[in-house]
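Working notes for the structure below.
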Amino acid sequence: MALIRTPVRRVLDYTVLSVLAFIFALPALYLFLGSLKPSDEVLNGLSGFLPVHLSFDNYAAVLDSLNSESTGYFWQFMGVSVLLSFVVVTGGLIVNSMAAYGLTRLKWRGQNAVFTLVLLLMLIPFESVAVPLFYMFNGQRNTIYIQALPFVANAFAIYQFHTFFKKIPPSIEEAARLDGAGPWRTFFAIIVPMSRPVFASVAILTFLIQWGSFLWPVLMVSDPSVRPLPLEMSVFQGQQPPDWGQILAFGVLLVLPVLVVFAFFQRWFVEGVASSAVKG
């Protein structure tokens with residue numbers, strides 16, 4: 001029997017959720033306000049939340065300081081990160097969804113063993129294989145493609161697609177086969193349009209991981225011309241003396257693309273989460 005929530009209980013639930021949401025939003029609020037303040041007012045404890053002496057000078061200073069051949073260009077770093085994220089997200093959606101479809105809807109010898117291997121790969125952290133990969137691809141350092149190549153195929157993404165595809169009724173594919181559709185046409189014309197929520201979820205999670213990737217660029221990149229934005233932020237933060245207002249402004253510029261991507265996929269992402277919660 002479903003629980004009936006009284007108006008008082010509903011108000012209490014929303015009040016608690018609102019307070020928790022506000023608490024979780026405080027660091028982001030501090031980041032944004034700090035990026036608009038002079039450096040000597042940023043690290044002032046709780047007074048950093050006071051909206052006083054606000055300006056966009058820190059943003060202008062960041063863009064001005066990264067606007068020469070000696071320092072590199074901010075928009076070049078941003079472009080490298082955007083390109084890498086686009087390649088990893090787009091390639092990952094294609095490769096991982098097709099792999100999951102083959103493991104879920106097609107029948108072939110060794111299918112269960114391969115899926116078990118995929119599950120085992122989820123248990124291996126990237127840090128444990130970063131050094132071997134570094135020696136394998138040492139000759140391709142300071143290139144764009146080597147920063148993206150190891151992250152296109154992703155075991156967790158395959159598992160997400162696999163879980164979603166299993167919930168699609170087999171009768172839909174049987175009807176497609178009766179109409180003369182083969183596996184490729186069935187996948188692209190039927191399965192993909194029905195799977196927008198999981199595609200959105202995988203796209204957002206993959207983008208978040210790739211956009212914030214730091215360890216692999218540290219190992220593979222020394223040339224500023226192919227340096228992604230998170231690595232450049234660590235270089236910028238290491239300059240002495242540190243200007244915390246500019247550092248926080250850099251942080252806001254780093255976060256903005258994430259907000260744009262989430263806003264673009266939000267409807268399908270929420271739909272996928274709600275669908276998983278109901279079916280689970």
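In this text the structure is predicted, and so the values were computed from the model without any measurement.
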Would you find more than 12 non-hydrogen atoms of other residues, nucleotides or ligands less than 6.0 Å from Phe32 atom CZ?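 Check fails, neighbour count at 12 or below.
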Over 12 foreign heavy atoms within 6.0 Å of CZ, Phe86: no
Does a side chain donor of either Thr15 or Ser18 reach within less than 3.5 Å of an acceptor in the other side chain?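 Checked: Thr15/Ser18 side chains show no N/O donor-acceptor pair below 3.5 Å.
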Looking at [X] and [Y], what are the two nearest heavy atoms and their distance?
X	Y	value
Val52	Glu41	O-OE1, 4.2 Å
Gly34	Asn58	O-ND2, 4.0 Å
Phe161	Leu93	CZ-CD2, 4.0 Å
Leu63	Phe74	CD2-CD2, 3.5 Å
Ala155	Met122	CB-CG, 3.7 Å
Gln111	Thr104	NE2-N, 3.9 Å

Show, in sequence, the C-alpha distance, side-chain angles and deciding distance for Trp108 and Leu103, and conclude whether the side chain to side chain contact (heavy atoms under 4.5 Å, CB included) test is met. CA-CA 9 Å; Trp108 44 279; Leu103 290 170; 3.6 Å; yes
Measure the acute angle between the ring planes of Phe165 and Tyr101, then classify it against the limits of 30° and 60° as parallel, tilted or perpendicular. perpendicular
Is there a side chain to side chain contact (heavy atoms under 4.5 Å, CB included) between Lys37 and Trp244 once you walk through the steps? CA-CA 9 Å; Lys37 292 186 174 186; Trp244 292 106; over 6 Å; no
Hey, mind stepping through Tyr59 and Phe250 against ring pair (Phe, Tyr, Trp, His ring centres under 6.0 Å) and telling me if it holds? CA-CA 7 Å; Tyr59 293 90; Phe250 202 127; over 10 Å; no
Show, in sequence, the C-alpha distance, side-chain angles and deciding distance for Arg9 and Asp13, and conclude whether the salt bridge (Lys or Arg N to Asp or Glu O under 4.0 Å) test is met. CA-CA 6 Å; Arg9 175 63 181 275; Asp13 289 344; 3.2 Å; yes
Can you give me every donor-acceptor pair (side chain of residues 133-140, partner residue at least two apart or in another chain, under 3.5 Å) with its distance?
none

For residues 153-166, the side chain to side chain donor-acceptor pair (under 3.5 Å) pairs (sequence neighbours left out) are none
Verdict with supporting geometry, Phe151 and Leu84, side chain to side chain contact (heavy atoms under 4.5 Å, CB included): CA-CA 10 Å; Phe151 305 101; Leu84 289 173; over 6 Å; no
Connecting only ILVMFWY residues whose side-chain heavy atoms lie within less than 4.5 Å of each other, what is the rest of Tyr14's hydrophobic cluster? none
Using modelled atom types only, decide if a donor and an acceptor are shared between the side chain of Gln147 and the backbone of Val226 within a distance under 3.5 Å. yes
Please answer whether the main-chain N or O of Met78 pairs with a side-chain N or O of Ser81 as donor and acceptor at a distance below 3.5 Å. no
Phe262 and Leu208: side chain to side chain contact (heavy atoms under 4.5 Å, CB included), yes or no, with the steps? CA-CA 9 Å; Phe262 181 78; Leu208 287 174; over 6 Å; no
